[in-house]
Amino acid sequence: MPDRAPQPVDRQLPTDEARDLISLVRDIAQHEIAPKAAEEEGAGHFPREVFTLLSRTGMLGLPYASEHGGADQPYEVYLQVLEELAAARLTVGLGVSVHTLSSYALATYGTKEQRVEHLPAMLGGGLLGAYCLSEPSSGSDAASLRTRAVREGDDWVITGTKAWITHGGVADFYTVMARTGEEGPRGITAFLVPADAEGVSAAAPEKKMGMQGSPTAQVHFDGVRVPDSRRIGDEGQGFAIALSALDSGRLGIAACAIGVAQAALDEAVGYATGRQQFGRPIADFQGLRFMLADMATQIEAGRALYLAAARLRDAGRPFAKQAAMAKLHCTDTAMKVTVDAVQVLGGYGYTADFPAERYMREAKVLQIVEGTNQIQRMVIARHLAGPETR
């Protein structure tokens with residue numbers, strides 16, 4: 001086992017309140033999350049009790065307004081909380097990011113009455129959310145979704161299937177994008193659907209290579225009736241809402257990726273400084289030292305990139321390009337760093353006795369969710385060179 005304990009990340013935080021918040025997060029991560037992470041991931045256990053604790057301590061609503069149960073924290077602070085949680089267990093860090101994404105539509109585009117009625121329970125009342133955009137036949141091409149909502153008097157009736165839904169089957173509410181009009185992006189509307197509504201059901205969770213503790217499932221809407229008061233934004237505005245949410249959500253994924261990468265680096269450094277070969281620690285060998293140096297450098301670069309994007313967002317400036325860059329770089333970094341961490345540990349890195357192999361399996365999904373990294377490159381290129389010609 002490692003002889004060298006990992007040192008906490010030296011963070012630049014804007015306020016004393018933020019520093020106290022990070023200290024609380026680290027305490028929860030150390031005592032409530034990390035000790036059970038390997039066992040519960042192996043057993044496929046979803047840690048609902050952890051999310052209940054996080055809700056009770058105000059961490060499920062960090063970037064939202066305190067008048068509705070949030071914590072008024074800037075995104076640069078919220079993302080560093082995500083990083084700390086993901087370093088302890090990605091199921092938790094990613095889960096908080098997804099819940100925040102699921103609350104975004106109502107918090108940003110909902111009416112005053114909707115926010116007053118629903119947000120306190122969503123942000124601090126123990127509820128957990130899921131975001132329903134993708135479908136079995138529309139992933140990257142999200143504007144081609146087929147789930148339909150039909151107006152019947154003062155209600156909408158939603159029918160269709162959503163796919164790859166994090167928290168599918170365990171969420172308390174779903175933010176659902178459904179077609180209410182013409183084909184393409186202008187015919188999509190957003191709805192807030194309670195998970196216990198008649199006609200809502202979830203399939204068995206997908207069998208994944210990593211993150212077994214985080215359920216990912218199809219969610220079926222079989223004639224689900226919701227009142228018009230649960231429509232978010234204008235009719236036809238749903239796709240714009242979805243894209244706006246994803247810009248912020250991609251920063252959450254970037255922060256989670258750096259958390260996983262940092263955990264993998266800490267494991268590699270601890271092992272390398274404690275493992276003896278040829279009469280000295282393997283960390284003395286230049287080839288390995290250079291690997292560790294490269295891992296650390298890429299992590300610091302990724303952290304700086306996602307924080308720079310977050311500060312643009314906090315200042316009310318455009319940040320979509322930088323969010324795509326952060327998601328792309330940070331998740332590619334997580335994949336590279338975790339693979340290298342397995343290599344540093346050698347044969348032990350390939351066993352479940354050490355967490356390096358779990359980090360590697362978990363890192364892969366971060367290159368896929370909330371827009372694959374190929375999609376991120378398309379987004380970045382459009383900002384640089386304009387839309388593609390057809």
Side-chain angles (χ1 to χ4, degrees), residues 64 68 98-123 125 127-203 217-249 370:
Y64 296 121
H68 299 306
V98 167
H99 174 82
T100 304
L101 173 70
S102 305
S103 303
Y104 175 91
L106 189 72
T108 307
Y109 292 88
T111 65
K112 180 179 179 180
E113 292 75 17
Q114 287 175 325
R115 293 196 296 270
V116 168
E117 181 178 0
H118 299 296
L119 275 180
M122 292 164 62
L123 301 182
L127 300 187
L128 190 65
Y131 182 77
C132 296
L133 177 62
S134 294
E135 297 183 1
S137 61
S138 63
S140 295
D141 184 14
S144 67
L145 64 83
R146 296 298 176 192
T147 295
R148 182 165 291 278
V150 177
R151 185 75 179 256
E152 291 188 3
D154 292 332
D155 295 339
W156 293 88
V157 179
I158 303 174
T159 302
T161 295
K162 294 296 182 177
W164 310 112
I165 306 305
T166 300
H167 301 158
V170 300
D172 300 296
F173 66 89
Y174 296 100
T175 296
V176 181
M177 305 300 161
R179 187 163 302 286
T180 56
E182 63 187 82
E183 295 296 310
R186 296 183 180 179
I188 296 170
T189 302
F191 298 90
L192 180 68
V193 180
D196 61 359
E198 185 176 356
V200 177
S201 63
Q218 290 190 356
V219 178
H220 306 298
F221 300 88
D222 185 10
V224 177
R225 186 175 293 272
V226 296
D228 187 56
S229 60
R230 282 183 170 267
R231 171 176 50 84
I232 304 173
D234 297 329
E235 290 183 41
Q237 193 181 11
F239 194 68
I241 292 173
L243 293 185
S244 178
L246 286 173
D247 284 339
S248 296
E370 294 192 30

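Numbering starts at 1 and runs along the sequence shown. As the structure is a computational prediction, the values presented were derived from the model and not from experiment.
- In this structure, the side chains of R179 and L145 come closer than 4.5 Å at one or more pairs of heavy atoms.
- Using modelled atom types, no side-chain atom of R148 and backbone atom of G160 make a donor-acceptor pair closer than 3.5 Å.
- Checking side-chain atoms of R231 against main-chain N and O of G233 turns up a donor-acceptor pair under 3.5 Å.
- Between R146 and E183, the closest side-chain pair of non-hydrogen atoms falls below 4.5 Å.
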*Assess whether side-chain contact (heavy atoms from CB on, under 4.5 Å) is satisfied between M122 and H68, documenting all intermediate values.*
CA-CA 9 Å; M122 292 164 62; H68 299 306; over 6 Å; no
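- Using a distance-only test at 3.5 Å, with no hydrogens or angles considered, no donor-acceptor pair links the side chain of Y104 to the main chain of L246.
- For the ring pair (Phe, Tyr, Trp, His ring centres under 6.0 Å) test, residues two or more places apart in sequence or in another chain that qualify with F191 are W156.
- Counting only heavy atoms from C-beta outward, the side chains of H99 and F173 approach each other to under 4.5 Å.
- Judged by distance alone, with hydrogens and angles left aside, the side-chain atoms of D222 form no donor-acceptor pair with the main-chain N or O of G199 at under 3.5 Å.
- With a 4.5 Å cut-off on side-chain heavy atoms, K162 and F221 count as touching.
- Side-chain contact check for L106 versus T175: every heavy-atom pair is 4.5 Å or farther apart.
- In this structure, T100 and Y64 have side chains that are in contact, with non-hydrogen atoms separated by less than 4.5 Å.
- Contact annotation: the side chain of Q114 never approaches that of L192 to less than 4.5 Å [non-hydrogen atoms, C-beta and beyond].
- When atom types are taken as modelled, the side chain of R186 and the backbone of I188 share no donor-acceptor pair closer than 3.5 angstrom.
- Between the side chain of S102 and the backbone N or O of V98, at least one donor-acceptor pair lies under 3.5 Å.
- Without hydrogens or angle criteria, H220 side chain to S201 main chain gives no donor-acceptor distance under 3.5 Å.
- Although no hydrogens or angles enter the test, the distance criterion places a donor-acceptor pair under 3.5 Å between the side chain of T189 and the main chain of G236.
- Annotation: side chain of P136 is in contact with side chain of Q218 (closest heavy-atom distance under 4.5 Å).
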